[in-house]
J.: 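My questions all concern the structure below.
Computed over heavy atoms, backbone and side chain alike; hydrogens, waters and symmetry mates excluded. Residue numbers begin at 1 in each chain, while the letters A, B, ... track the order of the sequences.
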There are 2 protein chains.
Amino acid sequence: MARTQGSHSDITGPRIRQAALSLFARHGYAAVSMRQIAAEVGVQAGALYNYTPDKQSLLYHLMRNHMEELLEAYSALDPCDGPVESLRQFVGFHIRFHMKRPDEVFIAYMELRNLTPENFAEIEALRRAYENALEAILEQGQQAGVFSVADTKIATLAVIAMLNGVMTWYRSGGRLSLDQVEQIYWDMVRKAVAV
Amino acid sequence: MARTQGSHSDITGPRIRQAALSLFARHGYAAVSMRQIAAEVGVQAGALYNYTPDKQSLLYHLMRNHMEELLEAYSALDPCDGPVESLRQFVGFHIRFHMKRPDEVFIAYMELRNLTPENFAEIEALRRAYENALEAILEQGQQAGVFSVADTKIATLAVIAMLNGVMTWYRSGGRLSLDQVEQIYWDMVRKAVAV
DNA sequence: ACTGTATATGAACAGATGTTCATATAGAAC
DNA sequence: GTTCTATATGAACATCTGTTCATATACAGT
């Protein structure tokens with residue numbers, strides 16, 4: 001047999017990426033086989049290779065897409081007045097952006113070690129670019145005397161680590177609204193870097 | 001052929017656990033084969049089954065051991081005077097304990113989804129017990145009026161997430177000593193939960 | 001209606017996987 | 001020195017792995 005009814009590239013391509021995303025997030029890259037991804041799409045394993053040269057590329061492009069969208073969305077924000085307001089904006093943006101993409105976030109964090117060295121280097125560079133945006137804010141606030149951190153690099157990583165913690169417990173429809181979560185985390189971040 | 005020179009249970013057992021620990025941490029549970037573990041020990045794959053019923057048990061016991069040692073070490077600490085001092089002690093303990101066991105920490109966090117449901121439930125219970133110790137401190141301080149957090153549960157998770165961030169970047173022999181790291185994080189935690 | 005191509009199938013590949021087991025032997029106990 | 005058992009081997013198992021490819025066919029363009 002061969003080509004099936006309704007088969008089309010514009011449809012199958014995204015569905016493969018979606019299936020890979022969801023399966024990688026749930027079971028981990030190494031634990032998911034090409035046949036499982038194909039089955040989720042309703043296709044045979046061989047068909048995947050019309051859309052990706054190999055399994056590694058599937059992972060890499062998911063991660064790069066996510067990081068590029070993150071950076072684009074962040075730089076599309078309106079500029080803010082002063083470091084405090086910028087930090088508040090960063091906290092809100094980070095929480096909301098990541099909440100909407102739990103699978104992508106999970107993969108971008110957990111599957112770094114399954115990238116080839118070259119792919120890892122590229123993803124890592126994008127991640128650092130994002131971290132640098134936060135560090136610039138802290139640095140600015142530090143020099144303006146409105147923040148007081150012992151080390152801006154460490155504070156950057158500490159704030160991001162803290163914010164990422166949200167993803168491990170927040171479920172929409174739970175006890176707290178996104179607004180409340182944002183407010184709570186902003187309180188803690190603000191105080192943590194305060195003078 | 002069969003039993004080799006120098007073979008002994010007291011030696012091989014720990015070496016298998018050590019090899020599994022190190023390989024799981026570096027490449028992930030799903031990506032490591034029993035043959036790789038055996039090769040690291042210098043033994044054939046079949047020999048592993050004198051020490052573990054299966055691969056899953058190997059992972060489970062590594063994680064349970066780690067969590068139990070964590071809880072034991074924490075409860076062995078001298079009691080502190082008041083919530084502020086208790087929190088400072090917790091921060092220092094957490095950073096130092098986890099720094100000494102980077103592989104165990106990494107596995108305990110990353111490989112939860114590779115546990116069977118029953119094993120997962122057990123490990124998760126131990127983790128919650130540890131979190132509860134911190135939450136009790138925050139709760140106490142909140143009621144005594146020395147801390148001010150909107151939600152003790154969230155603050156607990158936020159503080160632990162922030163502290164765990166250390167493991168992703170700290171390398172001994174780097175720019176900062178453990179004492180400095182501890183001091184920097186304590187400053188941030190203290191301020192984050194301050195009134 | 002006819003043709004060309006994009007898109008799927010399904011079989012095949014070489015090798016890896018977790019696990020079992022009959023067998024051999026090193027070292028302890030007597 | 002003999003016996004016993006704990007501890008290893010290495011082959012075998014059924015199944016799964018990522019990937020390739022000849023082949024078939026649904027759809028688009030004419």
Side-chain angles (χ1 to χ4, degrees), chain A residues 1-21 23-24 26-63 107 111 113-119, chain B residues 1-21 23-24 26-63 107 111 113-119:
Chain A
M1 254 162 277
R3 187 170 182 180
T4 54
Q5 261 195 341
S7 66
H8 203 49
S9 176
D10 301 347
I11 296 174
T12 310
R15 287 185 62 203
I16 288 174
R17 285 185 283 277
Q18 175 53 49
L21 175 68
L23 288 170
F24 287 167
R26 192 155 44 249
H27 308 294
Y29 173 77
V32 172
S33 73
M34 294 300 265
R35 281 173 183 80
Q36 281 174 60
I37 298 171
E40 183 97 348
V41 177
V43 107
Q44 295 299 314
L48 301 185
Y49 291 85
N50 288 324
Y51 301 93
T52 182
D54 48 34
K55 193 186 174 190
Q56 166 73 203
S57 294
L58 215 40
L59 175 62
Y60 168 64
H61 283 109
L62 287 174
M63 292 176 74
I107 287 175
E111 303 297 350
R113 63 180 164 191
N114 286 311
L115 292 171
T116 61
E118 308 82 41
N119 289 344
Chain B
M1 251 162 273
R3 186 170 181 177
T4 53
Q5 261 195 343
S7 67
H8 205 47
S9 175
D10 301 347
I11 295 173
T12 310
R15 287 185 61 202
I16 288 174
R17 285 185 284 277
Q18 174 54 48
L21 175 69
L23 287 170
F24 288 167
R26 191 154 47 248
H27 307 294
Y29 173 76
V32 172
S33 73
M34 295 299 266
R35 282 173 182 81
Q36 283 175 57
I37 298 171
E40 182 97 349
V41 178
V43 106
Q44 295 300 313
L48 302 186
Y49 291 85
N50 288 325
Y51 301 92
T52 180
D54 48 35
K55 192 186 176 191
Q56 165 75 202
S57 294
L58 215 39
L59 175 62
Y60 168 62
H61 282 110
L62 286 174
M63 292 176 75
I107 287 176
E111 304 297 352
R113 64 180 164 190
N114 287 310
L115 291 172
T116 62
E118 308 82 43
N119 289 344

J.: Check Tyr29(A) against Lys55(A) and note the closest heavy-atom contact, atom names and distance.
T.: O-NZ, 3.0 Å

J.: Between Leu115(A) and Gln56(A), is the side chain to side chain contact (heavy atoms under 4.5 Å, CB included) condition met? List the steps.
T.: CA-CA 7 Å; Leu115(A) 292 171; Gln56(A) 166 73 203; 3.6 Å; yes

J.: Whole Å only: how far is the CE atom of Met34(B) from the C1' atom of dA8(D)?
T.: 15 Å

J.: Going by heavy atoms closer than 4.0 Å, what residues in residues 48-60 of chain A are next to DNA chain C?
T.: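 Under 4.0 Å from DNA chain C: Asn50(A), Tyr51(A).
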
J.: Between Met34(A) and Asp54(A), what is the shortest heavy-atom contact and its length?
T.: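 Shortest heavy-atom contact: CE-C, 4.4 Å.
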
J.: Is the shortest side-chain N/O distance from Thr12(B) to OP1 or OP2 of dA8(D) below 4.0 Å?
T.: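 Indeed, a polar side-chain atom of Thr12(B) lies that close.
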
J.: Could you check whether Val32(A) gets within reach of a base, just the sugar-phosphate, or nothing at all, counting any heavy atom under 4.0 Å?
T.: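 It contacts sugar-phosphate atoms only.
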
J.: Does Gln36(B) put a side-chain nitrogen or oxygen below 4.0 Å from OP1 or OP2 of dT17(C)?
T.: yes

J.: Round to the nearest Å and state the distance from Arg35(A) atom CZ to dT15(D) atom C1'.
T.: 11 Å

J.: To the nearest angstrom, how far is Tyr29(B) atom OH from dT17(C) atom P?
T.: 13 Å

J.: For Ala19(B), does its backbone N or O pair with a side-chain atom of Glu40(B) as donor and acceptor, under 3.5 Å?
T.: no

J.: Does Asn50(B) have any side-chain contact (heavy atoms from CB on, under 4.5 Å) partners at least two apart in sequence or in another chain, and if so, which?
T.: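 None.
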
J.: So, is Ser33(B) near the phosphate of dT17(C), with a side-chain N or O under 4.0 Å from OP1 or OP2?
T.: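 Yes, Ser33(B) has a side-chain N/O under 4.0 Å of OP1/OP2 on dT17(C).
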
J.: Which one, dT17(C), dA8(D), dT9(C), comes nearest to the side chain of Gln44(A)?
T.: dT9(C)

J.: With side-chain contact (heavy atoms from CB on, under 4.5 Å) as the test, pick out the partner of Ile16(A) among Leu21(A), Leu58(A), Thr52(A).
T.: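 Of Leu21(A), Leu58(A), Thr52(A), side-chain contact (heavy atoms from CB on, under 4.5 Å) with Ile16(A) is met by Leu58(A) alone.
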
